[in-house]
A.B. asks: 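Pasting a structure here, questions to come.
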Amino acid sequence: MAIDISDILSCENKEVVERVQVGYRSFSFELGDFPITEAAPIALRIANCENKRLLISGQGELTVSVPCGRCLTEVLTEISFQIDRELRITEDGIKDGDLDEAAYLNGVYLDADRLIYEEILMNWPMNVLCKDDCKGICKVCGQNLNRGDCDCQKTEPDPRMAAIQDIFNQYKEV
Ligand SMILES: [Zn+2]
Ligand SMILES: [Zn+2]
């Protein structure tokens, strides 16, 4: 969704509140493609304040489906973020700090989807687990160990036993 902010830019102390809906059904980035199952509309406040500052603010909340880091079960995960951007209005465009024009601005158009995308990316949940003590999946047969043990574990050598075995072997060599 592109919001024309030319009126706001030309008038000091003018502010508008735009109701913005997240414009995509899933969130894609280098880690994959994650369905957005719920997204509340965001009241995006855009204000031209004294000293040539453009303030963009709002509160966002959405739910994404992210696989558990251990067993890959989909986990509905809430992401909330606070948009709080301060830009400078200059003769040759709107500047984000000392940088060039912000990526979510295209002349007098504010690309709300892009702005929200950046916010979601910055607030992306790390280490999502279906539960704190998730047992993961068996590396041999792929069984989800939360649903019960598999047979592979019984035949796999216990690492502690393997260490004791090493010690015995060392003595044999001496
Ligand atoms: Zn899990
Ligand atoms: Zn197994």
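From a predicted model like this one, the values you see are computed outputs, not experimental measurements. Remember, it's 1-based here, ligands and their atoms both numbered in the order they're listed.
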A.B. asks: Can you pull out every ring-ring contact (aromatic ring centres under 6.0 Å, His included) where at least one residue sits in residues 113-138? Sequence neighbours excluded, please.
C.D. replies: F27-Y117, F27-W124, F29-W124, F34-W124

A.B. asks: Decide if atom CZ of R85 counts as having more than 12 heavy atoms of other residues, nucleotides or ligands within a radius under 6.0 Å.
C.D. replies: yes

A.B. asks: Under the side chain to side chain contact (heavy atoms under 4.5 Å, CB included) test, which residues partner S80, sequence neighbours left out?
C.D. replies: Q59, E61

A.B. asks: Would the distance check show the side chain of D111 and the main-chain N or O of A2 forming a donor-acceptor pair, the cut-off being under 3.5 Å?
C.D. replies: no

A.B. asks: Calculate the angle formed at the Zn ion (ligand 2) by SG in C152 and SG in C141; 10° precision is enough.
C.D. replies: 110°

A.B. asks: Report, rounded to 10°, the angle at the Zn ion (ligand 2) between the two atoms SG (C138) and SG (C150).
C.D. replies: 100°

A.B. asks: Does the side chain of T63 pick up a donor-acceptor pair with the side chain of E78 at under 3.5 Å?
C.D. replies: no

A.B. asks: When you compare the side chains of D84 and S57, does any donor N or O come within less than 3.5 Å of an acceptor on the partner?
C.D. replies: no

A.B. asks: Under the side chain to side chain contact (heavy atoms under 4.5 Å, CB included) test, which residues partner R70, sequence neighbours left out?
C.D. replies: C68, L129, C134

A.B. asks: Would you list the protein N, O or S atoms within less than 2.8 Å of the Zn ion (ligand 1), leaving out water?
C.D. replies: C68 SG, C71 SG, C130 SG, C134 SG

